[in-house]
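See below for the structure under consideration.
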Amino acid sequence: MKYIYYPGCSLKSTGKLYEESLLAVFRALNIDYVELNDWNCCGATAYMAIDEDKAFVLAARNLALAEEQLKGEEEVNIVAPCSACYMVLLKTQKYLKENPADMRKVQTALYESGLAYRGKARIRHPLDVFINDLGEKEISKAIKKPLTGLRVVPYYGCQTVRPYSTFEDQRNPVSMDRLFKAAGAEIVDWTMKTRCCGASLTGTIQEVALPLSYVILHEAKKRRADVITTACSLCQFNLECYQTDIDKKFKTDLKIDVLYFTQLLGLALGIPPVELGIQRLFSAPDNVFKILEGGDHVYV
Amino acid sequence: MDRSKLAESFALDNTATDIIEIKRRIKYENELDKGFRKKIAESAHGEKLYGCIQCGTCSAACPVSHYMDYTPRKIIQMVREGFKTEVLNSSTVWLCASCYACTVECPKGIKITDVMYALKREAISGGYKHKNFPASVLASNFFSQVLNNGRNSEGPLLLKIYLKTNPFMLFKNMMLGFKLWRRGRISMKTEHIKDKKALKKLLQSMDNMKEAAVI
């Protein structure tokens with residue numbers, strides 16, 4: 001089966017390491033993918049706030065493009081790793097299905113620019129693909145460097161699971177837990193799995209956004225986590241890049257590694273760190289390397 | 001801060017009438033906008049809005065409700081009653097980070113996040129501007145960027161917002177920007193799709209249809 005890969009804007013800039021690691025893991029696990037031709041922005045949370053009809057038609061254009069690209073195939077699976085993209089595409093599909101009048105409008109507009117939208121595409125999250133299409137057994141077979149002893153806290157964020165997710169429980173998601181259990185890691189259960197990280201408020205109203213990220217980081221620290229894994233480019237950005245600001249504001253010394261789940265999975269699969277974009281992180285994830293290389297670093 | 005200032009001035013002068021603004025604290029029924037709730041319910045695709053039982057689950061689930069001037073529960077009630085200006089001028093609408101916690105938890109199935117989106121649209125189109133909230137500026141700049149290029153370029157977008165709202169933030173975030181740039185995670189290049197013309201046409205025909213529906 002071939003997957004259509006829909007990167008979205010942030011995986012091409014601040015989330016570049018997410019794209020690199022995701023595609024490296026896809027290759028290592030023999031998942032066949034192709035990037036969506038001439039994709040456009042999904043609209044995220046901002047477009048919905050200005051003009052809803054246009055927000056829907058923008059997202060539907062991507063779905064229509066995916067259907068066109070895999071014309072002969074029986075099933076069209078579109079993988080959206082960014083959680084905002086994932087949610088917006090799902091929301092659009094669901095809304096258009098429920099409102100035939102708007103569906104006709106969108107279809108007409110798309111038809112006029114040479115596209116056809118049938119509502120056939122299935123929208124998938126990479127976690128969904130790994131757990132449900134591939135399965136834990138396959139993954140644990142492919143693990144080359146087990147993460148034994150590494151304390152992982154899986155952080156899912158809001159829009160990966162809420163409100164339209166097709167593969168997860170909205171209050172207690174478990175797919176990332178299962179994934180890293182298969183990779184041999186020790187999973188730390190916590191209550192912040194789906195708590196909001198502050199999203200785009202970090203760029204606009206920091207007084208509100210920084211405490212939100214702080215709560216998550218503090219909780220992870222309290223539970224002696226070695227690494228937080230995320231599935232969203234905005235979550236990773238907020239939790240990692242603002243850590244110095246948070247330390248200053250709350251007089252703490254957090255220093256927690258925040259990795260994309262694909263990066264940690266890639267390391268366990270034995271992919272070289274450079275291919276996973278580890279060098280793009282603000283600080284090297286020493287805790288993870290310590291486990292992978294066996295024991296503490298001893299400086300002579 | 002205001003309160004301490006107030007106390008200070010009281011200590012200096014017992015008859016500090018000039019700082020206490022005398023204002024009516026209630027609104028009479030004929031001053032309310034009765035059509036407001038219908039407008040918002042239609043825009044948010046939810047007649048369910050009328051069925052709110054005021055349990056406050058949304059406010060409890062909301063991670064930013066303690067910064068809002070009216071909590072989500074209050075906003076829903078105010079929309080139903082028709083407090084249009086208060087609702088559209090409130091910080092609540094712009095503090096909502098769209099995390100959908102309220103939507104998932106609501107026992108009556110009200111899509112509160114969608115109501116917030118409807119209020120955002122209403123506030124922007126009605127010209128209500130909250131001067132301290134760049135979130136609305138972010139939304140409109142993001143919109144125009146995607147409208148023209150089909151894609152969002154984070155670097156230029158942030159630069160534009162900071163210049164427009166708070167240049168001090170630009171200075172504050174310079175180090176962060178530099179760190180990101182060194183790691184190849186941000187660029188000042190404007191991203192765009194290949195077929196810009198088709199996208200424009202697509203959005204144009206969406207506009208045409210809307211006009212046709214109005215006529």
Side-chain angles (χ1 to χ4, degrees), chain A residues 9-10 12-17 38-41 43-54 57-58 61 87 95 99 105-106 108-110 112-115 157-159 162-163 170-171 194-196 198-201 203-209 212 215 241-242 244-245 279-282, chain B residues 43 45 63-64 67 94-95 97-101 103-104 111 113 117-118 120-121 124 132-143 145-147 149-155 158 161 165 169 173 176 179-180 183-187 191 193-195 198-199 201-203 205-207 209-210:
Chain A
C9 307
S10 71
K12 295 286 179 192
S13 57
T14 44
K16 211 168 201 168
L17 49 177
D38 208 29
W39 53 270
N40 61 271
C41 168
T45 52
Y47 229 83
M48 208 54 91
I50 309 267
D51 189 329
E52 199 177 36
D53 288 334
K54 281 185 187 164
V57 87
L58 268 180
R61 179 177 179 268
M87 198 280 297
Y95 175 80
N99 297 279
K105 252 200 262 174
V106 167
T108 319
L110 283 168
E112 279 169 17
S113 63
L115 286 165
C158 321
Q159 298 189 342
R162 274 194 308 252
Q170 290 169 339
R171 292 178 184 81
T194 62
R195 186 133 169 147
C196 176
S200 61
L201 291 177
T204 51
I205 317 167
Q206 286 202 338
E207 303 79 40
V208 176
L212 292 177
V215 169
C241 303
Y242 284 103
T244 41
D245 291 299
Q279 76 282 9
R280 293 186 197 277
L281 290 169
F282 274 28
Chain B
S43 175
H45 320 286
V64 285
Y67 292 100
W94 296 112
L95 277 173
S98 320
C99 81
Y100 289 88
T103 307
V104 168
K111 290 180 178 157
T113 316
Y117 276 133
K120 281 174 192 169
R121 287 196 290 273
I124 287 179
N132 291 330
F133 285 92
S136 58
V137 183
L138 172 78
S140 25
N141 276 307
F142 188 102
F143 183 81
Q145 204 178 56
V146 176
L147 200 67
N149 300 321
R151 279 181 202 175
N152 152 37
S153 342
E154 285 167 354
L158 279 173
I161 292 160
T165 56
M169 281 278 274
N173 284 334
L176 179 67
K179 271 183 175 172
L180 285 170
R183 287 164 177 79
R185 284 171 74 170
I186 204 161
S187 85
E191 300 276 334
I193 61 170
K194 275 181 253 156
D195 206 352
L199 188 82
K201 203 176 159 202
L202 181 68
L203 295 170
S205 47
M206 215 59 198
D207 269 341
M209 259 181 276
K210 202 184 248 173

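Side chains are part of it too, since the values below use all heavy atoms of this structure and drop only hydrogens, waters and symmetry mates. Chain letters run A, B, ... following the sequence lines, proteins first, then strands; residues in each count from 1.
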Cut-off 4.5 Å, heavy atoms of chain B, and the answer for Ala199(A) is side chain
Applying a strict 4.5 Å limit to non-hydrogen atoms, the region of Leu17(A) in contact with chain B is side chain
Bottom line for Tyr242(A): the part with an atom under 4.5 Å from chain B's heavy atoms is side chain
Bottom line for Arg280(A): the part with an atom under 4.5 Å from chain B's heavy atoms is both
_Quick check against the 3.5 Å criterion: does Asp38(A) have a side-chain atom that pairs as donor or acceptor with the backbone of Asp195(B)?_
yes
| task | Begin with the C-alpha distance, continue with both residues' side-chain angles, and end with the deciding distance and a verdict on side-chain contact (heavy atoms from CB on, under 4.5 Å) for Thr108(A) and Ser205(B). | result | CA-CA 8 Å; Thr108(A) 319; Ser205(B) 47; over 6 Å; no
*Going through the distances and angles, do Leu203(B) and Val57(A) end up as a side-chain contact (heavy atoms from CB on, under 4.5 Å)?*
CA-CA 8 Å; Leu203(B) 295 170; Val57(A) 87; 3.8 Å; yes
Would Arg121(B) and Glu52(A) pass as an ion pair if we require N to O under 4.0 Å?
yes
Note to self: For a 4.5 angstrom cut-off between non-hydrogen side-chain atoms, does Val106(A) reach Met206(B)?
What the structure shows: yes
Distance col, row Thr244(A):OG1 vs Lys179(B):NZ, nearest 0.5 angstrom, shows 4.5 Å
Cut-off 4.5 Å, heavy atoms of chain B, and the answer for Thr194(A) is neither
Those residues at least two apart in sequence (or on a different chain) that pass side-chain hydrogen bond (donor to acceptor under 3.5 Å, both in side chains) with Asp51(A) are Lys210(B)
Applying a strict 4.5 Å limit to non-hydrogen atoms, the region of Glu112(A) in contact with chain B is both
So, the part of Thr113(B) with a heavy atom under 4.5 Å from chain A: the answer is neither
Hits for side-chain contact (heavy atoms from CB on, under 4.5 Å) against Cys99(B), two or more places apart or cross-chain, chain-then-number order -> Cys158(A), Arg162(A), Cys196(A), Pro63(B), Ala101(B)
Okay, Leu201(A) and chain B: the region with an atom under 4.5 Å from a heavy atom over there is side chain
Whatever's closer than 4.5 Å to a heavy atom in chain B on Leu212(A) counts as side chain
Honestly, the part of Lys16(A) sitting under 4.5 Å from a heavy atom of chain B is side chain
Tyr47(A) vs Phe142(B) aromatic rings, parallel, tilted or perpendicular, using cut-offs 30° and 60°? perpendicular
